[in-house]
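Chain identifiers are assigned alphabetically (A, B, ...) following the order of the sequence lines, protein sequences preceding nucleic acid strands; residue numbering begins at 1 within each chain.
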Amino acid sequence: MRIVVDYDLCEANAKCMKACPEIFEVDEDDNLIVKSETFEASLQSKVEAAVRACPRQAIKIAKD
Amino acid sequence: MLETSTHPLSDIDLADVDNFNGGMPHEWFTRLRKEAPVFWQDEPNGPGFWNVTKYSDLISVSRQPNLFSSWRGGTNVFELGKAELEGSRLLMLNMDPPQHAKYRRLVSKGFTPKRIEMLIAHIGELAKTIVDDVAERGECDFVDAVAARLPMETICEMIGVPDSDRRHVYDLSNKLIGFDDPDFQDNRDEAPEAMAEMFGYADKLAAERRKRPQDDLATALLNAEVDGERLTATEFNSFFMLLALAGNETTRTVTAQGMRLMIENSDARRRVLDDMRLLPTAVEEILRYNPAVVHFRRTATADTEIRGQRIREGEKVLIWYPSANRDEEVFANPQAFDVTRNPNEHLAFGIGEHFCLGANLARLQLNTIFRELLSRLPDMEFAGPVRRLRSNFIDGIKEMPVRFTPESRRPRRPS
């Protein structure tokens, strides 16, 4: 499982950071930083919430 | 259980604008979500169209902008002539990826939460002035004197339209959006005229900004490049028009609908007055309950299906926001107006590629104006009939006479 962000879509709405701050951070210059592309099973539901929360639907969980 | 399932759906007609005169036909939407979530509608002057009424289907259509195109036939239900269609494609609204992303990027940095946060103090002052101007009058037309003003001042300022021209831009935007309403224009033929005037104004503004650049969106657009090329005059003008339209009509509509809801639901208003910390969830509930945009049209670019329903290439698909926002599968007690609803993942701003660029700005404006209105004029009530925009595209209110105790004659609430 790997987090993939479409940076063409991302507009720094920071909803993902609210849903899962362990993985997503929007910095001072409105850049989205994915702290880790992979994540522990314990974070699964929070990452899924971040995927759903993105109004631009810019985040995907890739199964590879 | 009501025996709705035995009723045929033949009484439903989403093509006739007059069926929206009394508000959104929620009884129809409820039946459609249950019985025909992807529903075919014949239309008298066109080939007919599919209607998507379920929350998850609206998301699915929105997430596939190349399969359900905004570019191919535009985003309005009516068919455009070849030249009109070409013209409409200069608006971001009617572009698909990857072109859409290139244009959107020119302005999107101006609308991020951080950039909008920088406007908090200024929008606060504007909202205060707007309420100052009516507070002692005791009555006004809410739409013209209140709802219209904050969005107009805000978007014009962001674009760079000077004070003295804002009313003109506002009147033109009314003509462009009120295409089904005789109060704004006699027929759709007047739209090109208003558009020409809007373009003429944008030309003037561009010339002015070339001479004297400012820190505004007009100057940013003049300096912007797409694939190494500056915007053409027509592209700049189209951008200007879209920002002016989208920035004006929608927030005005939600402000007016929100005040109407507060007046009609006095218990809800009292709850917010008693605890202003509820205001943000109240604003989200207003957005869910009466989203400004009623539908957008997409056109299928290939044979496909939605929820098992076969859709053929070239067919029109309408996605209905007020219906998705009351989907029983997502929202408990969806027909209830509940200012404490949380979570409230409504789709008033759309989702995906075309998610409303101004959503953060709109949320700030709505929270600011309602804080000012509710706390200072808490007994506002109707002083005449609420007149709706004749439209199945924008859930607009044209006129809403209200009265209230002038602010200076009100006893102060203990704080």
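- Heavy atoms of E345(B) lying under 4.5 Å from chain A are absent altogether.
- Ring pair H354(B)/H100(B) is tilted by interplanar angle, where 30° to 60° counts as tilted.
- Note on ring orientation: taking the six-membered ring where Trp is involved, the planes of Y55(B) and F331(B) are perpendicular (angle over 60°, cut-offs 30° and 60°).
- Between the T219(B) side chain and the Q214(B) main chain, a donor and an acceptor come within less than 3.5 Å of each other.
- If you check the side chains of H122(B) and E157(B), you find a donor sitting under 3.5 Å from an acceptor.
- Proximity to chain A is limited to the side chain of L357(B), based on heavy atoms less than 4.5 angstrom apart.
- The choice from A101(B), P97(B), S108(B) that makes the most heavy-atom pairs within less than 4.5 Å of chain A is S108(B).
- Between chain A and the options P113(B), G350(B), P343(B), S62(B), heavy-atom pairs under 4.5 Å are most frequent for P113(B).
- For a residue to count as touching a neighbouring chain, one of its non-hydrogen atoms must lie under 4.5 Å from one of that chain's; by this rule K102(B) does not touch chain A.
- Counting heavy atoms of neighbouring residues, nucleotides and ligands inside a 6.0 Å radius, atom NZ of K35(A) exceeds 12 of them.
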